[in-house]
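We count residues from 1, following the sequence as given.
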Amino acid sequence: MTSIASYTVPLILAGVGFLFLTSKKDLFNEFIQGARDGLETLINLLPTLIILVVGVSMFRASGGLDMFTDFLGPFFALLNIPKEIVGFIIMRPFSGSSSTAMLNDIFTQYGADSFAGRSASLIMGSSDTVFYIFAVYFGAAKVKKTGCALSAALLTQLFCAFAACLIAGFFWG
């Protein structure tokens, strides 16, 4: 098995090289055009991504996340979601790296085997960074009106948090 795995990448590279040499099309120019299109997409998306990253950092550093967490804490308590992970739930749709750092903080402070740690782990695995995905995919497709997609995605995110806490309570309660 290891010999097959060690030859896989060289065989793929040799196959691609063979296709470049034997193809009737000018594959090199096609490759260059694809790279150029990719760079144009990156240039179009870069301002949106910079604003997203800077906004998330400013929100956390200003204490806005803590105030928002204190405000929404009672609502999340009605859904049996622990107060310790409310900030994590709020940040998850915005930033993957920020939510990963917050997950690490939850593990450090409360333990990975705590209800908060297990719930946050389930949320991390069952949800995604909604605003990042919207910025990249809708920005690349140049979609201006997202309709109900954003509200549906955020409601799904909230459902993931509720379901994760319900499952954590059921299995490890």
Side-chain angles (χ1 to χ4, degrees), residues 34-173:
R36 186 174 294 126
D37 292 345
L39 284 174
E40 284 178 22
T41 302
L42 174 67
I43 289 169
N44 290 336
L45 292 177
L46 202 55
T48 306
L49 295 176
I50 289 172
I51 288 171
L52 187 62
V53 169
V54 170
V56 165
S57 299
M58 288 174 57
F59 185 60
R60 281 192 77 186
S62 70
L65 178 63
D66 296 330
M67 289 182 352
F68 205 53
T69 299
D70 292 339
F71 177 72
L72 290 177
F75 168 72
F76 281 100
L78 292 173
L79 297 174
N80 197 28
I81 297 174
K83 185 181 188 298
E84 298 88 13
I85 65 170
V86 172
F88 169 77
I89 293 169
I90 293 169
M91 281 313 263
R92 183 67 181 136
F94 292 96
S95 171
S97 59
S98 202
S99 58
T100 302
M102 292 179 82
L103 180 66
N104 187 41
D105 291 344
I106 291 169
F107 288 165
T108 302
Q109 191 170 3
Y110 304 105
D113 290 330
S114 66
F115 180 66
R118 287 179 170 157
S119 296
S121 295
L122 288 171
I123 293 167
M124 188 74 163
S126 65
S127 62
D128 212 335
T129 52
V130 172
F131 290 100
Y132 176 80
I133 290 170
F134 269 63
V136 171
Y137 292 111
F138 283 116
K142 294 181 176 58
V143 174
K144 301 286 186 214
K145 297 179 182 177
T146 59
C148 297
L150 182 60
S151 57
L154 292 175
L155 282 173
T156 302
Q157 198 84 344
L158 182 62
F159 175 77
C160 288
F162 171 71
C165 292
L166 189 70
I167 290 169
F170 180 76
F171 283 106
W172 299 288

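- Side-chain atoms of Glu84 and Ile106, non-hydrogen and from C-beta on, never get closer than 4.5 Å to each other.
- Between Pro93 and Leu154 there is a side-chain heavy-atom pair separated by less than 4.5 Å.
- Distance check, rounded to the nearest 0.5 Å: CD1 of Ile89 to CD1 of Ile81 gives 4.5 Å.
- Contact of the Asn80 side chain with the Cys165 side chain is not registered, since no non-hydrogen atoms from C-beta on lie closer than 4.5 Å.
- Panel note: side chain Arg118, backbone Trp172; no donor-acceptor pair is recorded below 3.5 Å.
- Between Ser114 and Gly117, the shortest heavy-atom contact is OG-N, 3.0 Å.
- In this structure, Gln157 contributes its side chain and Val130 its backbone to no donor-acceptor pair below 3.5 Å.
- Contact check for Phe88 versus Ile123: side-chain heavy atoms found under the 4.5 Å cut-off.
- To the nearest 0.5 Å, atoms CZ (Phe75) and CG (Leu158) are separated by 5.5 Å.
- Residue Leu103 holds its CG atom at 11.5 Å from OG of Ser98, rounded to the nearest 0.5 Å.
- Put simply, the side chain of Thr41 gets close to the backbone of Asp37: a donor and an acceptor are under 3.5 Å apart.
- Note: Ile85 CD1 to Phe115 CZ = 7.0 Å, rounded to the nearest 0.5 Å.
- In terms of heavy-atom proximity, Ala152 sits nearest to Thr156 at O-OG1, 2.7 Å.
- Taking SG from Cys160 and CE from Met124, the interatomic distance works out to 13.0 Å, rounded to the nearest 0.5 Å.
- Minimum heavy-atom separation, Gly87 to Thr69: CA-OG1, 3.5 Å.
- Asp66 has no carboxylate O lying under 4.0 Å from a charged side-chain N of Arg60, or vice versa, which leaves the two without a salt bridge.
- The shortest non-hydrogen separation linking Ile43 to Pro47 is O-CD, 3.4 Å.
- Ring orientation note: the planes of Phe59 and Phe68 are nearly perpendicular, at an angle over 60° on the 30°/60° scale.
- Counting heavy atoms of neighbouring residues, nucleotides and ligands inside a 6.0 Å radius, atom OH of Tyr132 does not exceed 12 of them.
- Here the shortest heavy-atom pairing between Phe138 and Ala149 reads CZ-CB, 4.2 Å.
- Here the CG atom belonging to Leu79 is positioned 11.5 Å from the CZ atom belonging to Phe159, to the nearest 0.5 angstrom.
- At least one side-chain heavy atom of Met102 sits under 4.5 Å from a side-chain heavy atom of Leu65.
- Put simply, the side chain of Asn44 reaches to within 4.5 Å of the side chain of Lys142, judged on heavy atoms.
- Leu150 is listed as a side-chain neighbour of Phe131, based on a closest heavy-atom distance under 4.5 Å.
- Of all the heavy atoms in Ala112 and Phe107, the pair that sits closest is CA-CD2, 3.6 Å.
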